[in-house]
Amino acid sequence: MAKSKVLVVGGTGYIGSRIVKASLAQGHETYVLQRPEIGLDMDKLQILLSFKKHGAHLIEGSFSDHRSLVDAVKKVDVVICTMSGVHFRSHNILLQLKLVDAIKEAGNVKRFLPSEFGIDPSRMRDALEPGNVTFVEKMRVRKAIEEAKIPFTYVSANCFAGYFVGNLSQLGTLIPPKDKVYLYGDGNVKVAFLDEDDIATYTIKTIDDPRMLNKTLYLRPPENILTQRQIVEKWEKLTNKELQKFTISAQDFLASMKGMDFAGQVGVGHFYHVFYDGCLTNFEIGKDGEEASELYPEVQYTRMDTYLKLYQ
Ligand code: NDP
Ligand code: GO6
């Protein structure tokens, strides 16, 4: 079977750039949307040029030009959108509705992967405000996809290690604390942590896998199902230094939202569901889902002690 041609929308972004690399590495003819709106953003342009150097095709297109999106998606079999969903970065998940319209009109796309890559939004109907906006918006995109009968795969990537491991799960920083660490409750809730390149590898594996048609891929490789306490212990072992531990009760943690800006409040809400409710691990995967490491046992996923070595 010939390999699918892939278009990545949002390719210069944090997870998108890794998805472009994984698509090329797995031998797919890879297209990346080049938006005129990047203007004088030299960093984005350089990323695009490096993709081109590695064999990707750049296609010009804009979300404010429907025709350009239809023409772009007509060139490929698979579309992967990695539009930003992070509130302290440029954020616009609902712009994907325009991409859904273009895919619907083009009519040729065999698989669409919308920008999800986190907590499964379908399980978050009771999420706290204002963090629930993430799940409400992602569910609106799902509804449009399913109503248009576009074949899809949803990727529930759980916790990106860059946002949740390097900082020992502390908010407001991306590097490990030096002396003291705050534990969420007893710090014993099970969480799934993933290296971003592994997320990209698993994502690309699904695109011409018939087992993943109209299903959700949950990334829960067993050795990366860890508690916050276990992450802290791995860091302490690596650095041979014990950190002073403080416990934050659920009540105090939620109260900390007060006075934060919107992005901070969204973050607190998400962290609450992950570290107190255990929303990533407190359910069994049903018939509409598959677990990534079971489906693709050949992938040698990165363990979190290895990931943490980057921060030493
Ligand atoms: P980024 O913030 O890196 O942005 C990705 C891309 O979004 C950008 O590169 C840009 O594309 C595109 N974009 C942003 N604003 C606009 C706009 N106004 N119009 C058109 N395109 C725009 O995204 P992330 O990689 O951080 O997030 C991707 C997904 O991953 C989201 O769904 C997010 O919720 C999820 N996520 C999950 C995390 C987890 O721990 N599970 C952590 C972080 C994100 P271009 O390249 O064309 O410029
Ligand atoms: C990541 C964050 C980190 C917020 C998800 C504020 C969607 C998801 C695990 O990307 O708001 O410091 O699932 O001070 O489905 C952001 C968001 C986390 C960063 C959550 C995310 C995770 C989005 C912060 C902070 C490290």
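Both counts, for ligands and for their atoms, begin at 1 and track the order of listing.
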**Student:** Give me the nearest non-hydrogen protein atom to atom 14 (C) of ligand 1 as residue plus atom name, then the distance to 0.1 Å.
**Tutor:** Ser90 OG, 3.5 Å
**Student:** Of the side chain and backbone of Gln34, name the one, both, or neither that has a heavy atom under 4.0 Å from an atom of ligand 1.
**Tutor:** neither
**Student:** Looking at Lys215, I want to see if its NZ is surrounded by more than 12 non-hydrogen atoms of other residues, nucleotides or ligands under 6.0 Å.
**Tutor:** yes
**Student:** Would you kindly say whether Tyr307 and Glu196 are connected by a side-chain donor-acceptor distance under 3.5 Å?
**Tutor:** yes
**Student:** How far is atom 35 (C) of ligand 1 from its nearest protein heavy atom, and which residue and atom name does that atom have?
**Tutor:** Glu116 O, 3.5 Å
**Student:** Quick one: which ligand 1 atoms are inside 4.0 Å of a heavy atom on Phe164?
**Tutor:** 40 (O)
**Student:** For the pair Asn224 (side chain) and Phe193 (backbone), establish whether a donor and an acceptor sit closer than 3.5 Å, ignoring hydrogens and angles.
**Tutor:** yes
**Student:** Considering both backbone and side-chain atoms of Thr134, is one of its nitrogen or oxygen atoms within less than 3.5 Å of a nitrogen or oxygen in ligand 1?
**Tutor:** no
**Student:** Taking non-hydrogen atoms only, is Thr82 closer than 4.0 angstrom to ligand 1 via side chain, backbone, both or neither?
**Tutor:** backbone
**Student:** Just which atoms of ligand 1 are under 4.0 Å from any heavy atom in Asn158?
**Tutor:** 39 (C), 40 (O), 41 (N)
**Student:** Going by the order shown, which atoms of ligand 1 are within less than 4.0 Å of some heavy atom of Gly85?
**Tutor:** 27 (O), 31 (C), 33 (C), 34 (O)
**Student:** Please work out which of Lys98, Lys138, Glu196 has its closest non-hydrogen atom nearest to atom 34 (O) of ligand 1.
**Tutor:** Lys138
**Student:** Near Gln46 CD, under 6.0 Å, is it more than 12 heavy atoms from other residues, nucleotides or ligands?
**Tutor:** yes
**Student:** Please work out whether any backbone atom (N, CA, C, O) or any side-chain heavy atom from C-beta onward of Met83 is under 4.0 Å from ligand 1, and answer side chain, backbone, both or neither.
**Tutor:** both
**Student:** Going by the order shown, which atoms of ligand 1 are within less than 4.0 Å of some heavy atom of Gly118?
**Tutor:** 41 (N)
**Student:** Measure the distance from atom 8 (C) of ligand 1 to every protein heavy atom, then report the residue, atom name and distance (to 0.1 Å) of the closest one.
**Tutor:** Lys44 NZ, 3.7 Å
**Student:** Is the NZ atom of Lys143 crowded by more than 12 outside heavy atoms at less than 6.0 Å?
**Tutor:** no
**Student:** Is Arg35 in polar range of ligand 1, meaning some N or O pair under 3.5 Å apart?
**Tutor:** yes
**Student:** Check whether Thr30 reaches the backbone of His28 with its side chain - one donor and one acceptor, N or O, closer than 3.5 Å.
**Tutor:** yes
**Student:** Is it true that Arg142 and Glu146 have a side-chain N and a carboxylate O under 4.0 angstrom from each other?
**Tutor:** no
**Student:** When you compare ligand 1 with Phe160, is there at least one nitrogen or oxygen pair between them that comes in under 3.5 angstrom?
**Tutor:** yes
**Student:** Return a yes/no value for Gly13: is any of its N or O atoms, backbone included, closer than 3.5 angstrom to an N or O of ligand 1?
**Tutor:** yes
**Student:** Which residue owns the protein heavy atom closest to atom 26 (O) of ligand 1, what's the atom, and how far is it?
**Tutor:** Val86 CG2, 3.6 Å
**Student:** Quick one: look up the protein heavy atom nearest atom 25 (O) of ligand 1 and list residue, atom name and how far away it is.
**Tutor:** Ile15 N, 2.9 Å
**Student:** What atoms of ligand 1 come closer than 4.0 angstrom to any heavy atom of Tyr163?
**Tutor:** 42 (C), 43 (C)
**Student:** Relative to ligand 1, is Leu95 under 4.0 angstrom through side chain, backbone, both or neither, heavy atoms considered?
**Tutor:** side chain
**Student:** Which bit of Ile119 gets closer than 4.0 Å to ligand 1, counting heavy atoms only: side chain, backbone, both or neither?
**Tutor:** neither
**Student:** Verify the ring-centre separation between Tyr184 and Phe253: is it less than 6.0 angstrom?
**Tutor:** yes
**Student:** If we only count heavy atoms from C-beta on, is the Leu99 to Phe112 side-chain gap below 4.5 Å?
**Tutor:** yes
**Student:** Who's the nearest protein heavy-atom neighbour of atom 7 (O) of ligand 1, and how far?
**Tutor:** Ser84 N, 3.0 Å
**Student:** Using a 4.0 Å cutoff against the non-hydrogen atoms of Ile93, which atoms of ligand 1 qualify?
**Tutor:** 32 (O)
**Student:** Identify, by atom number and element, the atoms of ligand 1 in contact range of Tyr14, meaning under 4.0 Å from any of its heavy atoms.
**Tutor:** 3 (O), 25 (O), 26 (O)
**Student:** Are Gln244 and Val181 packed together at the side-chain level, in the sense that at least one heavy-atom pair is separated by less than 4.5 angstrom?
**Tutor:** no
**Student:** Given 3.5 Å as the limit, does a donor-acceptor pair link the side chain of Gln170 with the main chain of Pro177, or not?
**Tutor:** no
**Student:** Could you tell me the residue and atom name of the protein heavy atom closest to atom 29 (C) of ligand 1, and the distance to it rounded to 0.1 Å?
**Tutor:** Ser115 OG, 3.3 Å
**Student:** Against heavy atoms of Thr12, which atoms of ligand 1 measure under 4.0 Å?
**Tutor:** 9 (O), 45 (P), 46 (O), 48 (O)
**Student:** Purely on distance, is any nitrogen or oxygen of Phe63 under 3.5 Å from one on ligand 1?
**Tutor:** no
**Student:** Which protein N or O atoms sit under 3.5 Å from any N or O of ligand 2? Give each pair with its distance.
**Tutor:**
from     : atom 1 : to     : atom 2 : distance (Å)
ligand 2 : 11 (O) : His270 : ND1    : 2.8
ligand 2 : 12 (O) : Gly172 : N      : 3.0
ligand 2 : 13 (O) : Ile119 : N      : 3.3
ligand 2 : 14 (O) : Gly172 : N      : 2.8
ligand 2 : 15 (O) : Ile119 : N      : 2.8

**Student:** How are the rings of Phe160 and Tyr163 set relative to one another: parallel (under 30°), tilted (30 to 60°) or perpendicular (over 60°)?
**Tutor:** tilted
**Student:** In plain terms, say whether Arg303 and Glu223 are close enough for a salt bridge, that is, a side-chain N and a carboxylate O under 4.0 Å apart.
**Tutor:** yes
**Student:** Is there a side-chain contact between Ile231 and Trp235, using heavy atoms and a 4.5 Å cut-off?
**Tutor:** no
**Student:** Decide whether the shortest distance between a heavy atom of Gly11 and an atom of ligand 1 is less than 4.0 Å.
**Tutor:** yes
**Student:** How about Phe271 and Phe164: are their ring centres within less than 6.0 Å of each other?
**Tutor:** yes
**Student:** Run the salt-bridge test on Arg229 and Glu236 with the 4.0 Å N-O cut-off and return the result as yes or no.
**Tutor:** no
**Student:** If you take the centroid of each ring, where Trp contributes its six-membered ring, are Phe283 and Tyr218 closer together than 6.0 Å?
**Tutor:** yes
**Student:** Of all the non-hydrogen atoms in the protein, which one sits nearest to atom 11 (O) of ligand 1, and at what distance?
**Tutor:** Gly10 CA, 3.3 Å
**Student:** Distance to the ring centre below 6.0 angstrom and angle to the axis at most 45 degrees; does that hold for Arg123 and Tyr154?
**Tutor:** no
**Student:** Does Arg220 pair with Asp120 as a salt bridge, N-O distance under 4.0 Å?
**Tutor:** no
**Student:** Say you draw a straight line from CG of Leu243 to NZ of Lys178; how long is it, rounded to the nearest 0.5 Å?
**Tutor:** 10.0 Å
